[in-house]
Chemist: 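Could you have a look at this structure, given as C-alpha cells, before my questions?
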Amino acid sequence: MKTFCGRANPTTGALDWVEESEEYDYHQEIARSCYADMLHDHDRNEKYYQGIRAAVSRIKARGERVVVLDIGTGTGLLSMMAATAGADFCYAVEVFKPMAEAAQCIVKKNNFSDKIKIINKHSSDVTVGPDGDMQEKANLLITELFDTELIGEGALPSYEHAHQNLVTAGCEAVPHRATVYAQLVESELLWSWAQLQPAEVEGARLVPPPAVGRCAGAHSVCDVQLSQVSPSSFTPLSPLCAMFSVDFSKPVSSAFQSHSTSFVARAGGRAQVVLSWWDLDMDPSGTIVCSMAPTWTYPQPAKAPWRDHWMQSVYFLPAERQVAEREELSLTVCHDDYSLWYSLQPHSLQDAQAATPPPRPCCTCQAHLVWTRPRFGELNDRRRTGSYVAALRSVLSEDSVCLSVSDGSLLPVFAHMLGAKKVFSLENSRMSKQVIEEVLEANSKKGGVELLEIRPEQLTSQDLRGEQISVLMGEPYFSTSLLPWHSLFFWYCRTALAGLLRPTATILPCSASLHVVAVEFQDLWRIRAPCGICEGFDVTPMDEMVQRSLDFRESREAEPHPLWEYPCRALTHPTEVMTFDFTQCVPQEPISSQGLLPFIRTGRCHGVALWMDYHLTDDVTVSGGLTQPIREQGDCEWSRHRKQGVYFLRSAWDSLGDGRTGVSYSFTFEPSLGDVRMDFSITGH
C-alpha cells in the first residue's frame, strides 16, 4: 500500500503529492517528533519526579491505594517514576501507536509490566469498569499535555474529560497548577513581524495600506525562543503580570474565559506586544516549580535550565496604543479550548471590557494570510530593502521593462518608483495579487504595476503587451520553499521565460551560492541525541525506534531550522560549495562539488549549517544565512527572516581545531529534481 506525501518541488514552485511507501509517513512522524528533546530536559524530569513522590506520599498518608492515570505517557517515564515512588498501579495512556509500542517495551525492559498498563487510545476514549481499559478511577492524575501556549495541544478538554470520567473527586494532580504570565512591551523588532512599516525608496516614502494597519492580524500565537531576543530590543511598559491559573486537581473547563489584571504603566511608549510564558507548580504549596521563563529573567542567565522544547509566546495587540508613564491600564487575556489572545484598555473601561470581551483576532486585510511573521520582518528590514533598491537603481533605465517573479514581493513596486517604463509581476495567488494592489493604491500608484496571476511557463508575449523583458527580477522568495535551495525555483522560472527576454536582459539576482559551515550547537543537538538512561530508567527502545526511522531517510537529508533561535559555534570557515548562474538557463546535466572543511576551532561537531546567498549584482549580495562575520570564538549571527538547513552527523565528533581533521562534503544538484543531494563525513588529511 502506498501513501501520498506533500513535498516542495523547486522545479515548479509547487507542493507536489508524491507517492511513497506505506512506511514513509510512519517513519517521518517519528523522525521529526523530537521525543528525545524533552527527555534531555533534566530540570523538567527532576521537578516532575519530586512532584510525583510528594503526591504519592500525600495519598498514602491518607491510607489510600495510589492509582495513577498518566495521560500522554510517551515513553512511560512519568508512570515509571510513579511506580518507583510507591504507586500501586498506573494506567498510562498514549494515542500515538508507535510511541505506545515503544512505551510497552520500555516498561517491560524496566520490570514494571505488573505495575503499568499501556493504553493505546486518546484519553477521551478510555473506559472505566470491570470490562474497561481501567478497572477503577485514578486518584493521582499525571499529565504532560502542554505546548508553548500551555493549552494548544488540547490540555483543557483532556483535563475536563478526565475529571468527569476517569479520576476521583479530590484527586491529586502532577502538575498541580499552571500559571500564565504576561508583560506588555514596546518593540520595533517584534512589531515588525506583525505590521508592514513605511519604507524609504530614493527619498520617496512607501506606506502600508490602511486596511493592513487596522487589521488585528493572524490569530495564531507567535512562538519563539525569547531567550534569544535581547532585552535591549524591547521596552517593558508593565510589570510581569500573573494573568490566570488553572488548578489541575479540580474540575477544569474548556469553555471560553477571560481574565483581566490592572497595573500602572512603568514607562511611556507604544503598547504593541505581549510577551507570555507559564510556570508549573508540581505541588499544592508551589515549592516545586518548573518555569518556562526566558533566561534573561534569571539573576544568572547562564545558570537557567535548558528548555528549548517549550518556547515562549509573543502576542500582537490588535492595534498599537500610546500609553503614558503611570497611566492605569488593564490587560485582558481570553482563551477558548485551544488558544489565547490579549487586549489592552484603560483601567476605567475594565468593567465594560469584562461585559463584552474582545473576539479572537482574525485577519481581514489578507496580508497576514499572504505573509508569515518572518516574511513581515523580511519586508520591514530597512537594510535589506536598501540592498534591493541599490541593485535595482544600478540596472534600471527609463526604457526598462521589468518582470518580477517572487511571491507577494514589493520589488515590482520599488521598480516602478525608481522609474522603470513598465513593470509586470507574476503572483502565485489571488490573495497576494490583492495585497500588492492595495499597496499600490495606498501610494497613489494604482496601475503602475501590472499584476498577472499566471504561471511562468504559461506567460505569453500577448500577456506582456508585446514587450520584451529587459530586467527579470526576484528576491527570490516563494511561499512553498522549505529549505534554502528551494528558492532555486527562480532559476526554473528564468529558464521558462527565456523566450520573452531581450538578448541583453539583466537577471537580478545574477547568481546564487550555497554555503556551509560545520558547527557545534549549544542545545539543538539534543533533538537527535539518544537518551539511553533517563533519570535512572532505560529508554533505549525509544532511541532505537527513532534511529530506525531516521535511517529510513531523514538522517540523509537536511532539515530547516531558524538558527537565530538556536545558538551555535562555527568550527570551520564558512565555505561556498556551489554556484548557480542565473544568467544562463538551468543546465541539463547535474552540477557536483566535493571538498573538505578543516576544523579550525576546538569543540564538538554536531553537524553542518547550510544557507543561500543571492548576488543581486556584482556588488550587492543578500544573505539568507550569516548576517555578520563569524566572531573569533566561532559565535554566529543568523538571519531572522529565513530558515537555514541543518544536516546532523550521525555521531558527534570532537574537534581539536588543528586543521588535521575536518568534514568532507559531496553535493550534487539534480536539475530534473531541482533538489540538492548531499553527504558529509569526518575525515583526516
Side-chain angles (χ1 to χ4, degrees), residues 38 69-74 78 93-96 99 119 121-128 137-138 141-167 169 171 173-182 216-224 241-261 274-281 290 292 309-318 331-343 353-364 368-369:
M38 198 165 286
L69 172 61
D70 174 9
I71 301 178
T73 193
L78 302 184
V93 180
E94 175 55 52
V95 69
F96 185 41
M99 201 67 241
I119 302 172
K121 286 185 175 181
H122 192 280
S123 63
S124 60
D125 296 325
V126 171
T127 57
V128 180
K137 288 187 175 183
L141 177 57
I142 301 173
T143 62
E144 203 288 76
L145 300 171
F146 313 114
D147 70 344
T148 295
E149 206 172 11
L150 181 69
I151 64 173
E153 290 186 1
L156 295 182
S158 295
Y159 272 111
E160 186 174 44
H161 176 269
H163 276 285
Q164 291 171 355
N165 301 279
L166 305 177
V167 298
C171 72
V174 179
H176 178 83
R177 176 174 48 243
T179 301
V180 172
Y181 295 91
H219 71 267
S220 58
V221 65
C222 178
D223 52 346
V224 298
C241 302
M243 297 304 300
F244 68 94
S245 295
V246 182
D247 185 337
F248 298 125
S249 69
K250 298 176 181 177
V252 171
S253 172
S254 62
F256 171 90
Q257 292 184 34
S258 65
H259 310 269
S260 296
T261 187
V274 175
L275 310 181
S276 182
W277 56 87
W278 44 269
D279 286 354
L280 296 176
D281 290 334
C290 187
M292 309 308 128
H309 49 90
W310 284 322
M311 295 184 274
Q312 293 77 36
S313 301
V314 173
Y315 298 91
F316 303 100
L317 293 180
L331 186 64
T332 296
V333 61
C334 302
H335 72 79
D336 52 21
D337 47 352
Y338 282 92
S339 60
L340 282 69
W341 60 96
Y342 284 83
S343 62
Q353 179 79 58
T356 56
R360 186 166 71 170
C362 66
C363 177
T364 56
H368 299 91
L369 305 178

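Here the structure is a predicted model, which is why all the values come from computation and not from measurement. We're numbering straight along the sequence, starting at 1.
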Chemist: Enumerate the salt bridge (charged side-chain N to carboxylate O under 4.0 Å, His left out) contacts for residues 141-155, please, sequence neighbours excluded, ordered by first and then second residue.
Modeler: Arg44-Glu144
Chemist: Just to verify, what does Tyr342 make a ring pair (Phe, Tyr, Trp, His ring centres under 6.0 Å) with, not counting sequence neighbours?
Modeler: Tyr315
Chemist: Does Phe248 have any ring pair (Phe, Tyr, Trp, His ring centres under 6.0 Å) partners at least two apart in sequence or in another chain, and if so, which?
Modeler: Phe146, Tyr159
Chemist: Using the rule ring-ring contact (aromatic ring centres under 6.0 Å, His included), only one of Phe244, Phe256, Trp278, Trp341 pairs with His335; which is it?
Modeler: Phe244
Chemist: Do you know which two heavy atoms are closest between Ser158 and Leu145, and how far apart they sit?
Modeler: CB-CD1, 3.7 Å
Chemist: Flag the pair Thr148 / Gln312 as yes when at least one side-chain heavy-atom distance between them is below 4.5 Å, and no otherwise.
Modeler: no
Chemist: So, do Leu331 and Val274 sit near enough that their side-chain heavy atoms are less than 4.5 Å apart?
Modeler: yes
Chemist: Is it true that a side-chain atom of Glu160 and a backbone atom of Ser253 form a donor plus acceptor pair closer than 3.5 Å?
Modeler: no
Chemist: Write down the atom of Leu166, the atom of Val126, and the distance for their closest heavy-atom approach.
Modeler: CD2-O, 3.7 Å
Chemist: So which atom in Met38 and which in His309 form the shortest heavy-atom distance, rounded to 0.1 Å?
Modeler: CE-ND1, 3.2 Å
Chemist: Listed by chain and number, what are the side-chain hydrogen bond (donor to acceptor under 3.5 Å, both in side chains) partners of Ser339, not counting sequence neighbours?
Modeler: Asp336, Arg360
Chemist: Lys250: which residues meet the side-chain hydrogen bond (donor to acceptor under 3.5 Å, both in side chains) condition with it, sequence neighbours left out?
Modeler: none
Chemist: For Asp223, give me all partners under side-chain hydrogen bond (donor to acceptor under 3.5 Å, both in side chains), at least two apart in sequence or on another chain.
Modeler: none
Chemist: Identify the two heavy atoms, one from His163 and one from Leu141, that lie closest to each other, and give their separation to 0.1 Å.
Modeler: NE2-CD2, 4.1 Å
